[in-house]
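A short worksheet on the structure shown next.
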Amino acid sequence: MRPNTLTARVRPAPARRRRRLAGALAALLAVAPGCTDMYDQPRYEAYEASPLFADGASSRPLVVGTVPRDDVRNLPAVEDRELLLTGLRDGLPSRTAPFPVDRAVLERGRQRYDVFCAPCHSPTGDGRGVIVQRGFTPPPKYTEQRLVDAPLGHFFQVITHGHGAMYSFAARVAPQDRWAIAAYIRALQLSQDAKAAELPQEDQSRLEEAAK
Ligand code: HEC
């Protein structure tokens, strides 16, 4: 195999590197004698005033085309902020979502579920995702009676705060998406305990065809 000439040439020997680092630190301390208070650092806090810019603000306006980190453009608008953010209605986990759940919401829920939850819970929610197959604590099946009976707000709260071995997803999944995922878990539960008579006529006919 060819030796990695680039790293071999660029990286100095460890001892030399240590000496250089020590030298650099000493030089830094020498030129910054007043810089002993690590708490009060020479930078602007968010929204601090600044004489540097004509408008007097240190925070600069967003450039055209900036993409928000929490991209809420496609999420449903919600009036009941309390319910949206806590999962509670009248102090109890809510039985319903803070916005109507339609096909688009369920599809969004499935997409987010497959990204964030399926690695442990599996795409069907049986708790045998790939991370679990490699040794992580197995979660319960969503079809356990306790979880079938659980209100939607319980799923929202589990996603928001974490639950036992499962960590919180609050920093990764926006509240509207947590509700969409909660609704999708309900759909997963229904899909695995559906009575033939509850299916649309079209699907019932297909079942009868397949049984022949
Ligand atoms: C890293 C693995 C992992 C991921 C990813 C994960 N979970 Fe879990 N989940 C668990 C484990 C483990 C438990 C069981 C925790 C316990 O009881 O200690 C659990 C439990 C649950 C429960 C049952 C709570 C109860 O009342 O028993 C729900 C609902 C749930 N998770 C939903 C989700 C959703 C929704 C997502 C995605 C946003 C998700 N989980 C992502 C591992 C995970």
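Whatever order the structure lists ligands and atoms in, that order sets their numbers, starting from 1.
Residue nearest to atom 27 (O) of ligand 1, selected from Arg146, Arg112, Arg172, Met166: Arg146 (by heavy-atom distance). For the residues Gln157, His163, Glu144, the heavy atom positioned nearest atom 17 (O) of ligand 1 is part of His163. Between atom 11 (C) of ligand 1 and the options Gly127, Pro139, Cys117, Cys120, the minimum heavy-atom separation is to Pro139.
Under 2.8 Å from atom 8 (Fe) of ligand 1 lies an N/O/S atom of His121, whether from backbone or side chain.
Ring geometry for His163 versus His154: interplanar angle over 60°, hence perpendicular rather than tilted (30 to 60°).
The part of Ile185 lying near ligand 1 is the side chain, judged by heavy-atom distances below 4.0 Å. With a 4.0 Å cut-off on non-hydrogen atoms, Arg178 does not touch ligand 1 at all. Contacts of Pro119 with ligand 1, taken as heavy-atom pairs under 4.0 Å, are absent altogether.
Relative to the six-membered ring of Phe169, Arg178 misses at least one condition, a distance below 6.0 Å or an angle of at most 45° to the axis.
For the 3.5 Å distance criterion, the side chains of Tyr44 and Ser50 qualify, holding a donor opposite an acceptor. Judged purely by distance below 3.5 Å, without hydrogens or angles, the side chains of Asp149 and Gln145 pair a donor atom with an acceptor atom.
Heavy-atom separations between Ile181 and ligand 1 include at least one value shorter than 4.0 Å.
Across every non-hydrogen atom of Leu84 and Pro98, the tightest pair is CA-CG, 3.9 Å.
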